[in-house]
Amino acid sequence: MANLPGKRMGNKPAWALAALVLTAMPSLPLLAQTQTPPTAPAEAPAVPSATAEPANPAGPPLAPAADPDPAAAQTDLEAVEASIALSQERVDALKAEIAEMEGDRTKQNAALIAAAQRVKLAEIEVADIEERLSTLIVSELEVRGRLDGSNAEIANVLAALERISLNPPPALIVDPDDALGSARSAILISAIVPQLRAKADAVTADLKQLNDIKASALAEEATLKANFSVLEEEQLRIATLIAARKQGIDVRSSELAAQEAEAVALAARATTLKDLIDSLSARANAVQTPSAPTDPNAVTMTPEQIRVALANSARTEPAMPFANAKGYLTMPANGVNVVDYGAGDGFGGISHGISVVTRAEAQVVAPADGWVLYKGPYLNYGQIIILNTGQNYTTLLAGLDAVSVDIGQFVLMGEPLGTMGSRTIGRTVTTNAGNSQPTLYIELRQNNEPLDPTGWWATPTQSG
């Protein structure tokens, strides 16, 4: 033991191993520093109360409703193309695929719904990956904290051993008179080396864990990139399909244009959502908008009949009476429910619908078949969509940033209607979610009275 200090780097004792381990530490970059910076926090979205007076009764001036103009649709398509990173070869192939559907509305509808479903699945996967990456970052910071704490302690011990190595105690066989000093040195070293070995083993284990975290993060990032590619491709597919469908409308009928102008005028006069829906429903009945039977018991369909009806993408009216749709509605957007039906809305009132916190720019789809009674801005509620789903049922979606359908248009369950934004739109929700993400407000109504949506949404098996 007396000559242990002389065997420094040759046999690589524990303290030398620790020195090598500590030297390797700075070469590992911090995972948290290599991640793509998160999108700036979005603000919370609009949550309307259907009966309460709005904060600004007059509301902002309503923009004229847009015609389904092929030129406008082409402009939207070009904007999507400019924002994606797909290869030109893939873009051309996708456009050629959609061009083969020209004039075939059934195929276009089916392609739209399928693309929207792929977007929803990719959004779910992206959210899961981002959550796993956040967990990895937290784990990495914990490991680095332990390594930082070990650095100083091991450095002090190594410095002490280095000083001993520069002035080693004499061997007993050479100088028996200094036996006491040699014994003391041997005792000191024998006490330090096991502690240093244990510390070096702990550092090695932490470094291995750090490497494992980094490898896992790289794999998650690759999967995240693949899902973003899916989102980009499907967003382009949806925009291309919408543009292709609108190119088929050469001249808009004067009747439909008049209906849309009247809807905008009604929205300008209505002071509450209830008033707006009453006015729109009365107008729809006056112009004899097609609708499903008004008697809820007129038709009773079996689950198999419902599945067959929903599979028909050529339909031009609801696949089933709305009363039969309980348990089959599609959730309009992926997200977390933050306000339930009947709960406090944060403004002293009661929520007549549900509020779902979504990702920024999340896709919104039709929860059911129906005709678009209204789309566009309304008071301080952001962009809203009101669907006539038949049997005196209506569905309200509020808090959107962009809408891609038109008044009078028939939409299929699962068909894209628009997208959420990345900032506050209209009134906000007072919840634990704060103002960090957009929120979609969803409301079902029967005879213009709020309806509890519990039990109306499809289970994963039914929606698949």
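These numbers come from the heavy atoms of this one structure, side chains and all, not from hydrogens, waters or symmetry mates. Start at 1 with the first residue, then count along the sequence.
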Asker: Quick check against the 3.5 Å criterion: does Asp401 have a side-chain atom that pairs as donor or acceptor with the backbone of Thr419?
Answerer: no
Asker: Please check if any side-chain donor atom of Asn227 sits under 3.5 Å from a side-chain acceptor atom of Glu125, or the reverse.
Answerer: no
Asker: Let me confirm one number: the CD-CD1 distance from Gln108 to Ile242, rounded to the nearest 0.5 Å.
Answerer: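 Here the interatomic distance stands at 11.0 Å.
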Asker: Please name the residue in the list Tyr328, Tyr341, Phe322 that meets the ring-ring contact (aromatic ring centres under 6.0 Å, His included) test with Trp456.
Answerer: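 Checked Tyr328, Tyr341, Phe322 against Trp456; only one passes ring-ring contact (aromatic ring centres under 6.0 Å, His included): Phe322.
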Asker: As a quick check of understanding, evaluate side chain to side chain contact (heavy atoms under 4.5 Å, CB included) for Ile129 and Phe228, giving each step before the final call.
Answerer: CA-CA 11 Å; Ile129 293 172; Phe228 276 130; over 6 Å; no
Asker: Looking at side-chain heavy atoms only, is the closest gap between Ile386 and Val372 below 4.5 Å?
Answerer: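 Contact flag for Ile386/Val372 side chains = no.
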Asker: If I compare all heavy atoms of Asp206 with all of Arg146, which pair ends up nearest, and what's the gap?
Answerer: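 Nearest pair, atom of Asp206 first, then Arg146: OD1-NH2, 2.9 Å.
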Asker: Is the shortest side-chain heavy-atom distance between Thr330 and Val365 below 4.5 Å?
Answerer: yes
Asker: Looking at Pro332 and Pro367, what are the two nearest heavy atoms and their distance?
Answerer: CG-CB, 4.0 Å
Asker: Test your reading of the model: is there a side-chain donor-acceptor pair from Thr389 to the backbone of Tyr393, 3.5 Å cut-off?
Answerer: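 Indeed, once roles are kept as given, a pair shorter than 3.5 Å links the two residues.
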Asker: Are Glu233 and Arg237 close enough for a salt bridge, meaning some N to O gap below 4.0 Å?
Answerer: yes
Asker: In the structure I gave you, are the side-chain heavy atoms of Leu397 and Ile384 within less than 4.5 Å of one another anywhere?
Answerer: no
Asker: Do the side chain of Glu220 and the main chain of Glu130 share a donor and acceptor less than 3.5 angstrom apart?
Answerer: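 No.
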Asker: Walk me through it: do Gln363 and Ile238 pass the test side chain to side chain contact (heavy atoms under 4.5 Å, CB included)?
Answerer: CA-CA 11 Å; Gln363 174 188 251; Ile238 288 170; 3.2 Å; yes
Asker: Is there a donor-acceptor contact under 3.5 Å from the side chain of Gln305 to the main chain of Thr302?
Answerer: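 Side chain of Gln305 to backbone of Thr302, a donor-acceptor pair under 3.5 Å: yes, one is there.
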Asker: Does Gln409 offer a backbone N or O that forms a donor-acceptor pair with the side chain of Asp406 under 3.5 Å?
Answerer: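 No.
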Asker: Could you tell me whether the side chain of Thr395 reaches within less than 4.5 Å of the side chain of Arg445, counting heavy atoms only?
Answerer: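 When only atoms from C-beta onward are counted, Thr395 and Arg445 do not touch, as no gap falls below 4.5 Å.
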Asker: Minimum heavy-atom separation for Val411 and Leu417, please, with both atom names.
Answerer: CG1-CD2, 4.0 Å
Asker: Do Trp371 and Glu317 have side chains that get closer than 4.5 Å, going by heavy atoms?
Answerer: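 Sidechains of Glu317 and Trp371: in contact.
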Asker: If you measure only the distance, is there a donor-acceptor pair under 3.5 Å linking the side chains of Arg315 and Asn312?
Answerer: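 No.
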Asker: Do any N or O atoms from the side chain of Asn388 and from the backbone of Gly370 form a donor-acceptor pair under 3.5 angstrom?
Answerer: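 Side chain of Asn388 to backbone of Gly370, a donor-acceptor pair under 3.5 Å: no, none is there.
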Asker: Grab the two heavy atoms, one from Arg359 and one from Glu123, that are nearest each other, plus how far apart they are.
Answerer: CD-O, 4.0 Å
Asker: Take Glu361 and Met420 through the test side chain to side chain contact (heavy atoms under 4.5 Å, CB included) and record every step on the way to the result.
Answerer: CA-CA 5 Å; Glu361 301 178 0; Met420 301 298 292; over 6 Å; no
Asker: Could you grab the distance from atom CG of Asn392 to atom CD of Glu449, nearest 0.5 Å is fine?
Answerer: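 Interatomic distance, Asn392 CG to Glu449 CD, rounded to 0.5 Å: 12.0 Å.
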Asker: Are Lys208 and Asp212 ion-paired here, with the side-chain N under 4.0 Å from a carboxylate O?
Answerer: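 Yes, charged N to carboxylate O under 4.0 Å.
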Asker: Contact between Leu440 and Leu400 at the side-chain level, heavy atoms closer than 4.5 Å - yes or no?
Answerer: yes
Asker: Write down the atom of Glu234, the atom of Ala115, and the distance for their closest heavy-atom approach.
Answerer: OE1-CB, 3.3 Å
Asker: Could you walk me through whether Leu224 and Val126 pass the side chain to side chain contact (heavy atoms under 4.5 Å, CB included) test, one step at a time?
Answerer: CA-CA 6 Å; Leu224 186 63; Val126 165; 3.9 Å; yes
Asker: Any Lys/Arg nitrogen of Glu140 or Arg144 sitting under 4.0 Å from an Asp/Glu carboxylate oxygen of the other?
Answerer: yes
Asker: If you compare all heavy atoms of Met320 against all heavy atoms of Leu310, which two are closest, and at what distance to 0.1 Å?
Answerer: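 Heavy-atom minimum between the residues: CE-CD2, 3.7 Å.
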Asker: Once you round to the nearest 0.5 Å, how far does CD1 of Ile442 lie from CD1 of Ile385?
Answerer: 11.5 Å
Asker: Examine distances only and state if a side-chain atom of Ser313 and a backbone atom of Thr106 form a donor-acceptor pair shorter than 3.5 Å.
Answerer: yes
Asker: How far does CD of Glu415 sit from CD of Gln117, to the nearest 0.5 angstrom?
Answerer: 14.0 Å
Asker: May I ask you to test the Met331-Ile354 pair for a side-chain heavy-atom distance under 4.5 Å?
Answerer: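 Yes, side chains in contact.
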Asker: Atom CD in Glu97, atom CG in Leu241: separation rounded to 0.5 Å?
Answerer: 8.0 Å
Asker: Please report the interatomic distance CG(Leu444) to OG1(Thr394), rounded to the nearest 0.5 Å.
Answerer: 8.5 Å
